[in-house]
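In this text, all values refer to a predicted model and were calculated from it rather than measured experimentally.
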Amino acid sequence: MRILVVCGAGASSTFVAQRVRHAAHDQGLAYSAFAGTEQSLPIDLDAADVVLVGPHLVHALERIERDAAARGTTVVLLPPDIFADKDGTRTLALVRDAVGASGGPAPTAGGTSRPAAPADSIPTATSD
């Protein structure tokens, strides 16, 4: 499973990608995760099974979903407090929910998941 994490400039996505990669490794999953930006997305999509979209890119979500659907790539809009997921386990759970409990291959084109933030979460301000 190849996970692309997209944010505005690539800084926060690098942290999220690193954390989800470590969480997957700790759970024995053969997942890779890499960071990208909104500008690199057209190229990066070709190498991804799942795209995690930073919450600050909600304005571009429709376009990202359209581009991803053409490649059969699943899109997940990350909740606003995702940057507080220090060990990556919550982010990994979002990925696994989007692709199915087995964590196997991504669904066919058009599979989009928009998780809601848990009621007990505390939003944190981030800038990218």
Side-chain angles (χ1 to χ4, degrees):
M1 177 76 55
R2 298 164 302 180
I3 303 164
L4 169 61
V5 185
V6 178
C7 70
S12 55
S13 60
T14 298
F15 291 115
V16 173
Q18 184 178 48
R19 292 171 184 166
V20 76
R21 188 171 48 246
H22 286 133
H25 179 267
D26 290 348
Q27 293 183 27
L29 299 170
Y31 288 9
S32 63
F34 59 103
T37 66
E38 187 176 3
Q39 291 74 30
S40 69
L41 190 60
I43 295 167
D44 293 339
L45 265 175
D46 289 332
D49 298 307
V50 175
V51 178
L52 304 180
V53 179
H56 50 287
L57 293 181
V58 69
H59 67 275
L61 186 62
E62 213 172 290
R63 178 181 45 80
I64 293 169
E65 289 173 333
R66 185 179 58 248
D67 293 347
R71 294 167 171 88
T73 303
T74 300
V75 175
V76 178
L77 176 63
L78 294 171
D81 66 339
I82 200 63
F83 304 107
D85 179 26
K86 299 299 181 193
D87 66 1
T89 56
R90 187 165 150 239
T91 308
L92 180 59
L94 293 171
V95 170
R96 295 189 79 185
D97 286 349
V99 299
S102 70
T108 58
T112 301
S113 177
R114 291 187 181 143
D120 63 344
S121 65
I122 300 170
T124 56
T126 61
S127 63
D128 194 0

Verdict with reasoning, Tyr31 to Ile3, per side-chain contact (heavy atoms from CB on, under 4.5 Å): CA-CA 7 Å; Tyr31 288 9; Ile3 303 164; 3.7 Å; yes
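- Counting heavy atoms from C-beta on, the side chains of Leu29 and Leu92 come closer than 4.5 Å.
- With hydrogens and angles disregarded, a donor-acceptor distance shorter than 3.5 Å links the side chain of Asp85 to the backbone of Thr91.
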From CA spacing to verdict: side-chain contact (heavy atoms from CB on, under 4.5 Å), Leu94, Arg96: CA-CA 6 Å; Leu94 293 171; Arg96 295 189 79 185; over 6 Å; no
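- Distance check: Asp44 CG to Thr37 OG1 gives 7.0 Å after rounding to the nearest 0.5 Å.
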Residues Val99, Met1; criterion side-chain contact (heavy atoms from CB on, under 4.5 Å); working and verdict: CA-CA 10 Å; Val99 299; Met1 177 76 55; 4.0 Å; yes
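- Here the side chain of Thr73 pairs a donor or acceptor atom with the backbone of Ala48 at under 3.5 angstrom.
- Shown here are the side chain to side chain donor-acceptor pair (under 3.5 Å) partners of Thr89, two or more places apart in sequence or in another chain: Asp87.
- With sequence neighbours excluded, the residues satisfying side chain to side chain donor-acceptor pair (under 3.5 Å) with Arg2 are Asp49.
- For the salt bridge (Lys or Arg N to Asp or Glu O under 4.0 Å) test, residues two or more places apart in sequence or in another chain that qualify with Arg63 are Glu38.
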CA sep, side-chain torsions, deciding dist, call: Asp97, Val76, side-chain contact (heavy atoms from CB on, under 4.5 Å): CA-CA 10 Å; Asp97 286 349; Val76 178; over 6 Å; no
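- To the nearest 0.5 angstrom, Leu41 atom CG is 6.0 Å from Leu4 atom CG.
- The shortest heavy-atom contact between Phe34 and Ala17 is C-CB, 3.8 Å.
- Residues forming a side chain to side chain donor-acceptor pair (under 3.5 Å) with Asp67 (at least two apart in sequence, or on another chain): none.
- Contact record, Ser13 with Ala35: OG-CB, 3.4 Å, taken as the closest heavy-atom pair.
- The minimum heavy-atom distance linking Val75 with Ala68 is given by the pair CG2-CB, 3.4 Å.
- Residues Pro42 and Arg71 approach most closely at O-NH2, 3.3 Å, considering heavy atoms.
- Listed here is the closest heavy atom pair of Ala33 and Val20: CB-CG1, 3.4 Å.
- Pairs engaging residues 11-30 under the salt bridge (Lys or Arg N to Asp or Glu O under 4.0 Å) rule: none recorded [sequence neighbours left out].
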